[in-house]
Number of protein chains: 2
Amino acid sequence: MTSTQPENLPEISPAEWEVMRIVWTLNGAQTHELISSLQEKMDWTESTIKTLIRRLQQKGYLQRQGTQRPYVYQATITEQAGINQQTDALFANLCAMHVGPTLIRLVKNNTLSQQDLTELSQLIATKQATAPAVVACDCLADCQVENQGECHE
Amino acid sequence: MTSTQPENLPEISPAEWEVMRIVWTLNGAQTHELISSLQEKMDWTESTIKTLIRRLQQKGYLQRQGTQRPYVYQATITEQAGINQQTDALFANLCAMHVGPTLIRLVKNNTLSQQDLTELSQLIATKQATAPAVVACDCLADCQVENQGECHE
DNA sequence: AAAATAAGTCTACAATTGTAAACTTAACTC
DNA sequence: GAGTTAAGTTTACAATTGTAGACTTATTTT
């Protein structure tokens, strides 16, 4: 897997993630926008949201625009970069053997556009040229050596 | 997305996840196996590992086998179920518009077996019949209505 | 300019998580 | 069966996270 930690920023927590989504979606947002958007979805007080905004600034994911007071908060990384960070963190800890079935399941369960599917399909065709017959488990340091494929049995 | 919370067990934390991987891989394990396996990878004391084992039991993810003392700890959910739980939790919080590119990236960056690729390819062919031209953002409750596709611009 | 409001900061506190020492109990070894 | 060792339990403590009240400072309104 390729690791995509843009800098070495600390991770975005689930609650903080909700704030980032709005900022990304609106391409920057003011406090009151964040408050009203988030309160439609989450049962949070203003105070909670302000805390999350502050922590995201401290962590380096949000930056204020300008010096006048209705500040606009901007994200310091793109949404896709944020998503990559989250997915990479997750996939880095999955058994290699289970990644295939997991991706199949995700493709199955999510709505993809025609273009996504076309791209995927091309990508797969390319990969088929060099794909191995099986992907071995990599959960144990010595799995291949000692268990010779006997792990997960 | 399909939600896969097998029961309503609390979530498995990252450190706990490492323990589960070994249990899954070895199809059940004793304390000393967990300790030696994990210490090859993580810089943890025995004590830390014992704590994680205990918490996993409390959370309902590990169960002891038998009554004699070298207990064997068994997982109460399959590895794939655990992985599904983790990935579903993550994907449930991604903007629908970004799921496609994210899956493409994951397929690109991971090693898949010939069979995985074949299955994926068939799945994609099936999906192409009914896939929409575009997948709209679902970050804001009223994104479609109010922003008419203007979000994320 | 005074009042009202919105924005921002400070402080707080409980739950979860990472990390681990110390203690107890069962099992194995001589 | 006494001692050693492995396993299991209890307790602990700091960091992070979720959650939020209270206070301060700008900004806007009348």
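Model, not experiment: these values are computed from the prediction.
One can place CD of E11(B) at 16 Å from C1' of dT16(D), the figure rounded to the nearest angstrom. In this entry the distance linking CG of L52(B) with P of dT17(C) reads 11 Å, nearest Å. Whole-Å rounding puts the L9(A) CG to dT16(D) C1' distance at 16 Å. In this structure, I53(A) places its CD1 atom 15 Å from P of dG18(D), rounding to the nearest Å. Taking atom CD1 of residue I35(B) and atom P of nucleotide dA20(C), one finds them 13 Å apart after rounding to whole Å. Going from atom CD of E46(B) over to atom C1' of dG8(D) covers 12 Å, rounded to whole Å. Here the C1' atom of nucleotide dA6(C) and the CD atom of Q30(A) are 11 Å apart, to the nearest Å. Rounded to whole angstrom, the span from the CE atom of M20(A) across to the C1' atom of dT17(D) amounts to 17 Å.
Side-chain atoms of R54(A) and base atoms of dT11(C) include a donor and an acceptor less than 3.5 Å apart. Scanning atom types as modelled, one donor and one acceptor separated by under 3.5 angstrom connect the side chain of S47(A) and the base of dG21(D). Between the base of dA7(D) and the side chain of T31(B) there is no donor-acceptor pair shorter than 3.5 Å.
Ion pairing between R105(B) and D88(A) holds under the 4.0 Å rule for side-chain N and carboxylate O. Ion pairing between a basic and an acidic side chain is recognised when a charged N comes within 4.0 Å of a carboxylate O; K59(B) and E16(B) show such pairing.
For dG18(D), neither phosphate oxygen OP1 nor OP2 lies less than 4.0 angstrom from any side-chain nitrogen or oxygen of W44(A). Close to dG8(D), at under 4.0 Å from its OP1 or OP2, lies a side-chain N or O of Y73(B). An OP1 or OP2 oxygen of dA22(D) is reached within less than 4.0 angstrom by no side-chain nitrogen or oxygen of K50(A). At the phosphate of dG18(D), neither OP1 nor OP2 sits under 4.0 Å from any side-chain N or O atom of T48(A).
By the neighbour-count criterion of 12 heavy atoms within 6.0 Å, atom CD of Q115(A) is sparsely surrounded, having that number or fewer from other residues, nucleotides or ligands. Enclosure of atom CD in Q63(A) is not indicated, since only 12 or fewer non-hydrogen atoms of other residues, nucleotides or ligands lie within 6.0 angstrom.
Without hydrogens or angle criteria, W24(A) side chain to I77(A) main chain gives a donor-acceptor distance under 3.5 Å. Between the side chain of Q57(B) and the main chain of R64(B), no donor-acceptor pair closer than 3.5 Å is present.
Residue contacts shown for S13(A) are limited to sugar-phosphate atoms, with no base heavy atom under 4.0 Å away. Using a 4.0 Å heavy-atom criterion, one finds that P14(B) contacts the sugar-phosphate atoms exclusively.
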- Query: Hey, mind stepping through N84(A) and T87(A) against side chain to side chain donor-acceptor pair (under 3.5 Å) and telling me if it holds?
  - Reply: CA-CA 5 Å; N84(A) 292 348; T87(A) 53; 4.6 Å; no
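When each of I12(A) and V72(B) is assigned the nucleotide of DNA chain D with its nearest heavy atom, V72(B) is the one assigned upstream, toward the 5' end. Toward the 5′ end of DNA chain D lies the nearest nucleotide of R64(B), the other residue of the pair T51(A) and R64(B) mapping further downstream.
In this structure, the nucleotide among dT19(D), dA7(D), dG8(C) sitting nearest to the side chain of H32(B) is dA7(D). For R55(B), taking side-chain heavy atoms from C-beta onward, the closest of the listed nucleotides dT19(D), dT19(C), dG8(C) is dT19(C). Of the listed nucleotides (dA6(D), dG18(C), dG21(D)), dA6(D) has the atom at the smallest distance from the side chain of R69(B).
Comparing the local axis fitted to the first five base pairs of the helix from dA1(C)-dT30(D) to dC30(C)-dG1(D) with the one fitted to its last five gives a bend of 10°, rounded to 10°.
A side-chain N or O of Q80(A) and one of T102(B) form a donor-acceptor pair less than 3.5 Å apart.
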